Amino acid sequence: TLTCQVNGTGGTPSIEWVGPNSQPIVNGSGITVGDPVTVGNVTTSSLMFSAISLFDNGRYMCRNDLVFPSTATRTVRVNVPQPEIVFTSALAPVVGQPYQIDCSGTVPDSLSGNVTASWIDETGAVIASQQGIGSATAALSFNMLQLSDAGTYTCVVTVTSNILNRPLRTSRSLNLTIEATVDECTQGLDNCDVNAMCIDLPQGFQCICNSGFTADGTTCTVILSATVVQQTQAIECVTSCGANGVVIGQFNLISSCCGIIGVSGLGYEFAGEAGNIICQGCGSFNTLQSDISFVGEPTPIVIGENFTANCIVMTNPMADATVNITWRLPNGTIATEQSIMSPTATVPLTFQPFEASDLGEYSCSAAITSPQLPDTVTVIESSLGISGSSDIFRVSINEDTPPVAGEPYTLTCQVNGTGGTPSIEWVGPNSQPIVNGSGITVGDPVTVG
């Protein structure tokens, strides 16, 4: 809208608008000449454009032809909103790997029209081009990058619209630098644990714990195994079968030989040439051979979340053993104790939730008895070390939208963890703590959960 005011006395002025073509302007083609409005000695007339375009550029004149003619002029230059060009790529450019980067050109709704996005190389050749209405995206693609593909590529966005008197072009350049393939494993650039194997990948590397260890590979902990303190009940028979004796089968041990009834073991019968049984014998038999293992759920352990460590004791199924399992805390106090009659006995140690104060070494012991060996008690014991980082807080920063000059902008810091209320401090680009002032406000911390 252009507004013309005529101030004076001597009657009501006659106002006329004249366009850049030096002709009087009349209503039509998106232009409206408002009726003059007189208030006191001031008469006002408006010239209104419903949607101004570049075709409307030029010099406009407001003319008063009453008594003493007078004029006023205003030159109109229409500003054109520029297209926005954005580059996006999901991969880093690495030698020998496929690569694609997209150039997207978008125009405001007020400049709606045909958009063409084109990639151009250093020789001026068009590599890729795509058209659309309101926006267009062209892809610069390489099936397998070579070092020779490095260089400057330009994305040109061209807009044609009925409000433009000529095509509008804008561009943005990309300096493509290509990384040579890096073997982090052989160059010592990995962060794998000393008990892990480093595997080089096309992009990055992977750490895998060695056999006998477990975790994510950047840290590996030993898979604990039990140490048998007392385990063997061995009885021998004299088996003097002579040169003709051959083993013909495995049988149950007999009480007259080994003192163990009904337990499958190393009992044999021997026969001579005529097939007659000459003698019977048995070897050593480990009735209460046992083992302890640990299974944790879930892994890895996260401070502040529930965790269960299971102590599993396995015994000889033929022993009909009774297993008394005891969990002890790092200070030696009994945490839980349970007696189970089963070849596989499991007793859990549960944390709800697991706290930083729970870190330490826990032990599980098992006392095993069997009616087959009434005078023998087998005791096995193993320990489980539960360790974690002393930093039990996880810190992250989120931004709502990309920053725009002159507009409000907010960064949000979240600290997630247990161990007390954290003390949060913001530090600026000058490495100094940030305080309120000069258009910056540090919000008071709010704790939920």
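The shown structure was predicted, so the numbers you read here are calculated from the model rather than taken from an experiment.
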Engineer: Sub-3.5 Å donor-acceptor pair from the side chain of T221 to the main-chain atoms of T214, do we have one?
Structural biologist: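 Yes, the answer is positive, given that a donor and an acceptor are paired below the 3.5 Å cut-off.
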Engineer: Between atom CG of D149 and atom CG of D121, what is the distance when rounded to the nearest 0.5 Å?
Structural biologist: 11.0 Å
Engineer: Sort out for me which residue in C155, S129, S141 forms a side chain to side chain contact (heavy atoms under 4.5 Å, CB included) with W119.
Structural biologist: C155
Engineer: Give me each pair satisfying side-chain hydrogen bond (donor to acceptor under 3.5 Å, both in side chains) with a member in residues 427-445, each pair once, sequence neighbours excluded.
Structural biologist: none
Engineer: Can the ring centres of Y153 and F87 be said to be less than 6.0 Å apart?
Structural biologist: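 No, they do not, as the ring centres are separated by 6.0 Å or more.
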Engineer: What heavy-atom pair brings S45 and W17 nearest, and what distance separates the two atoms?
Structural biologist: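 Shortest heavy-atom separation between S45 and W17 comes out as OG-NE1, 3.1 Å.
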Engineer: Look at the side chain of N210 and the backbone N and O of N195, then say whether any donor-acceptor pair between them is shorter than 3.5 Å.
Structural biologist: yes
Engineer: Compare all side-chain heavy atoms of Y60 with those of P20 and state whether any distance is below 4.5 angstrom.
Structural biologist: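 Yes; the side chains approach each other to less than 4.5 Å.
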Engineer: Taking all non-hydrogen atoms of both residues, which atom of I434 and which atom of G428 are closest, and how far apart?
Structural biologist: CG1-N, 3.5 Å
Engineer: Any chance you could measure T38, atom OG1, to Q5, atom CD, to the nearest 0.5 Å?
Structural biologist: 11.0 Å
Engineer: Under the 3.5 angstrom rule, does the side chain of S342 hit a backbone N or O of T344 as a donor-acceptor pair?
Structural biologist: yes
Engineer: Is L168 close to Q82 at the side-chain level, that is, under 4.5 Å between some pair of heavy atoms?
Structural biologist: yes
Engineer: Determine whether D183 and F205 make a side-chain contact, defined as any pair of heavy atoms from C-beta on separated by less than 4.5 Å.
Structural biologist: no
Engineer: Is the backbone of T219 close enough, under 3.5 Å, to the side chain of D216 for a donor and an acceptor to pair up by distance?
Structural biologist: yes
Engineer: What orientation do Y362 and F351 show, parallel under 30°, tilted 30 to 60°, or perpendicular over 60°?
Structural biologist: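 Perpendicular, since the angle between the ring planes exceeds 60°.
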Engineer: So for atom CD1, which belongs to I133, do other residues, nucleotides or ligands contribute more than 12 heavy atoms lying within a distance under 6.0 Å?
Structural biologist: no
Engineer: Can you tell me how far apart CD (E16) and SG (C4) are? Round to the nearest 0.5 Å.
Structural biologist: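 It comes to 11.0 Å.
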Engineer: Taking the side chain as every heavy atom from C-beta outward, state whether V94 and Y99 have any pair of such atoms under 4.5 Å apart.
Structural biologist: no
Engineer: Kindly determine whether D102 and Q100 satisfy side-chain hydrogen bond (donor to acceptor under 3.5 Å, both in side chains), including the steps that lead there.
Structural biologist: CA-CA 7 Å; D102 295 332; Q100 175 177 315; 2.9 Å; yes
Engineer: Just by distance, do the side chain of W327 and the backbone of V347 share a donor-acceptor pair under 3.5 Å?
Structural biologist: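 Pair found, side chain donor or acceptor close to backbone of V347.
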Engineer: Below 4.5 Å, heavy atoms only, C-beta onward: do Q97 and L91 meet side chain to side chain?
Structural biologist: no
Engineer: Would a 4.5 Å heavy-atom cut-off, applied to side chains only, mark M61 and T73 as touching?
Structural biologist: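 Yes; the side chains approach each other to less than 4.5 Å.
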Engineer: So do the side chains of I120 and V156 get within less than 4.5 Å of each other, counting heavy atoms only?
Structural biologist: yes
Engineer: Under the side-chain hydrogen bond (donor to acceptor under 3.5 Å, both in side chains) rule, what do N324 and E337 come out as? Steps first, then yes or no, please.
Structural biologist: CA-CA 7 Å; N324 189 66; E337 190 171 24; 3.3 Å; yes
Engineer: Can you tell if the side chain of T1 reaches within under 4.5 Å of the side chain of L47, non-hydrogen atoms only?
Structural biologist: no
